[in-house]
Amino acid sequence: MGSKRSLSDQNDLMDFGTKHARTSESGWTGVNERTFIAVKPDGVQRRLVGEIIRRFERKGFKLVGMKFLQASEEQLRQHYYALREKPFYGGLVKYMSSGPIVAMVWQGLDVVKTSRKMLGETNPADSLPGTIRGDYCVEVGRNVIHGSDSVESAQREMALWFKQNELLCWEECSEHWIYV
Ligand SMILES: Nc1ncnc2c1ncn2[C@@H]1O[C@@H]2COP(=O)(O)O[C@H]2[C@H]1O
């Protein structure tokens, strides 16, 4: 009893288990690297959510987690802990908690570094056209999107914004057309 699964079901389960273990042990490296991306309150208000998701999808990255939420100041103080001494820190926490944000986790090869290139520089004035900040904003204090700056920051930020069971492992049918 209880073992009525077909051999192929069991193989699928084992495959899933092995893949999952591999990604967990390796800290999400290679094609399983993950990054935390947030559309900030100004990005939501300016209706850029669809455009931003479209850019990540078209690039070939895989969405593995997403939520629409209004962040608490406490959560934002943790998120921006490293900036706590900066003169703009108070304003940054207020701005980020002023309206809903879209928190996402994207997965793919070199996703942390590539996402930062897609976002552009922190200051939109230094961002090239073609990047998200280069195309859609003008001031550093209203720069529409956040992306983790390293694999370590990504892991810390994902753990802050998502529970483990909110991040999915799923098979994308186009994967063989994106990776060799
Ligand atoms: N000089 C600044 N004035 C106001 N906000 C800033 C300044 N420098 C950085 N920030 C904000 O601090 C944030 C830190 O990382 P983000 O990618 O979220 O985007 C940055 C900006 O929103």
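Every number for a ligand or one of its atoms is a count from 1 in the order of the listing. Reckoned from all heavy atoms, side chains included, excluding hydrogens, waters and symmetry mates.
Heavy atoms of L83 come nearer than 4.0 angstrom to ligand 1 in at least one pair. Using a 4.0 Å heavy-atom cutoff, M96 is absent from the residues neighbouring ligand 1.
The single protein non-hydrogen atom nearest to atom 22 (O) of ligand 1 is K40 NZ, 3.0 Å, given as residue, atom name and distance. Closest to atom 17 (O) of ligand 1 among all protein heavy atoms lies R133 NH2, 3.1 Å. The protein heavy-atom contact nearest to atom 1 (N) of ligand 1 is F88 CD2, 3.7 Å.
Between I178 and E172, some side-chain heavy-atom pair lies under the 4.5 Å cut-off. K113 is not listed as a side-chain neighbour of T35, based on a closest heavy-atom distance of 4.5 Å or more. A 4.5 Å side-chain heavy-atom check between W106 and E57 finds at least one atom pair inside the cut-off. Side chains of M96 and H79 form no contact here, defined as non-hydrogen atoms less than 4.5 Å apart.
K40 forms no cation-pi arrangement with Y95, by the criterion of a distance under 6.0 Å to the ring centre and an angle within 45° of the ring axis.
For the pair R54 and E51, the salt-bridge criterion is met [side-chain N within less than 4.0 Å of a carboxylate O].
For K67, the NZ atom sits in a packed shell: over 12 heavy atoms of surrounding residues, nucleotides or ligands are nearer than 6.0 Å.
Relative orientation of the W161 and F36 rings is parallel, given thresholds of 30° and 60° on the angle between their planes.
Comparing L76, L92, L119 against atom 13 (C) of ligand 1, the shortest heavy-atom distance belongs to L92.
Near N143, meaning under 4.0 Å from any of its heavy atoms, are these atoms of ligand 1: 19 (O), 20 (C), 21 (C), 22 (O). If you number the atoms of ligand 1 from 1 as listed, the ones under 4.0 Å from a heavy atom of Y80 come out as 14 (C), 15 (O), 16 (P), 18 (O). Near H146, meaning under 4.0 Å from one of its heavy atoms, ligand 1 places the atoms 16 (P), 17 (O), 18 (O).
Considering backbone and side-chain atoms alike, Y95 places every N or O at 3.5 Å or more from each N or O of ligand 1. When only interatomic distances are considered, the shortest N/O to N/O separation between R116 and ligand 1 does not fall below 3.5 Å.
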